Amino acid sequence: MPKAKGKSRRHKYSYNLNRKRLYRSARRRAAPRIACSHIRHAWDPHKSVAQNLAEMGLAEDPNKALPIPKKLLVSGMETESDGQQPGKKIVRKPYVVNEMELEASLPEKKSNTLSRDLIDYVRYMIQNHGENYKEMARDEKNYYQDTPKQIKRKINVYKNFYPEEYKNFIESLKPEKMEVQ
């Protein structure tokens with residue numbers, strides 16, 4: 001049975017076809033992806049993005065929220081009217097901003113640690129060679145052939161990550177040196 005006539009030909013790209021139209025309706029229905037849980041819970045899907053953010057007291061456009069003044073205002077020209085500025089919107093959901101400020105004020109947790117192998121390596125080098133980095137570079141356990149400066153840098157990283165542990169380790173080494181002498 002013979003092949004269909006146009007199947008073996010190379011297909012030409014159609015420049016006139018509007019591919020955006022195919023996905024436009026799906027994008028309209030999808031809700032925006034919101035990373036912050038406080039905003040996600042206060043979000044009203046029946047309102048626009050600008051309306052939702054205005055109700056929460058958040059800015060849609062940072063350039064409009066804090067405009068850069070083109071001319072310095074003279075203090076005599078400023079006028080106040082009833083404490084309300086024209087164009088100010090009423091914040092109906094102030095708890096969102098309050099919760100976000102509270103969350104931002106919490107201290108950050110340290111999540112970075114050193115590998116167990118690096119800690120053991122540094123402790124071994126300090127225990128056997130003290131502060132002599134040239135000896136450490138010639139040690140048989142220096143598998144990666146670190147230079148004295150690289151070893152010193154690794155020890156300093158260990159000191160910065162675990163200052164109390166390093167201090168206790170150095171203090172535990174002092175009695176051993178006194179017994180040897």
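In this text, all values refer to a predicted model and were calculated from it rather than measured experimentally. One is the number of the first residue; the rest follow in order along the sequence.
The environment of NZ in Lys159 is crowded: more than 12 heavy-atom neighbours from other residues, nucleotides or ligands sit within 6.0 Å. Surrounding CD of Glu171 are more than 12 heavy atoms belonging to other residues, nucleotides or ligands, all under 6.0 Å away. Other residues, nucleotides and ligands contribute over 12 non-hydrogen atoms within 6.0 Å of the CG atom of Asn112.
Counting heavy atoms from C-beta on, the side chains of Tyr121 and Ile151 come closer than 4.5 Å. Taking 4.5 Å as the limit, every side-chain heavy atom of Leu118 sits out of range of all side-chain heavy atoms of Tyr158. Within the 4.5 Å cutoff, no side-chain heavy atoms of Asn128 are placed close to those of Lys141. Looking at heavy atoms from C-beta onward, Val122 lies out of side-chain contact with Tyr162 at the 4.5 angstrom threshold.
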side-chain contact (heavy atoms from CB on, under 4.5 Å) between Ile39 and Leu58, intermediate numbers included:
CA-CA 10 Å; Ile39 296 174; Leu58 300 173; 3.7 Å; yes
Determine, step by step, whether Trp43 and Val49 satisfy the side-chain contact (heavy atoms from CB on, under 4.5 Å) criterion, reporting the C-alpha distance in whole Å, the side-chain angles of both residues, the deciding distance to 0.1 Å, and the verdict.
CA-CA 9 Å; Trp43 195 266; Val49 174; 4.0 Å; yes
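Using the six-membered ring where Trp is involved, Tyr15 and Tyr13 have ring planes that are perpendicular, over 60° apart on the 30 and 60° scheme.
There is a side-chain donor-acceptor pair under 3.5 Å between Tyr133 and Glu131.
Remark: Arg40 CZ to His38 NE2 distance equals 10.0 Å, nearest 0.5 Å. For the atom pair CG (Asn168) and CD (Glu165), the distance works out to 8.0 Å, reported to the nearest 0.5 Å.
Nearest heavy-atom pair, Leu173 versus Gln127, reported as atom, atom and distance to 0.1 Å: CD2-CG, 3.7 Å. Between Leu114 and Val157 the shortest heavy-atom distance is CD2-CG1, 3.7 Å. Of all heavy-atom pairs between Glu60 and Ala50, the closest is OE1-CB, 3.2 Å. Listed here is the closest heavy atom pair of Asn52 and Lys47: ND2-O, 3.4 Å.
By the side chain to side chain contact (heavy atoms under 4.5 Å, CB included) test, Ala42 is found to be paired with Met56, Lys93, Tyr95, Val96, residues two or more places apart in sequence or in another chain being considered.
A donor-acceptor contact shorter than 3.5 Å is absent between the side chain of Asn142 and the backbone of Arg138.
With Asn156 as reference, Lys152 is the one residue of Arg153, Lys154, Lys152 to meet the side chain to side chain contact (heavy atoms under 4.5 Å, CB included) rule.
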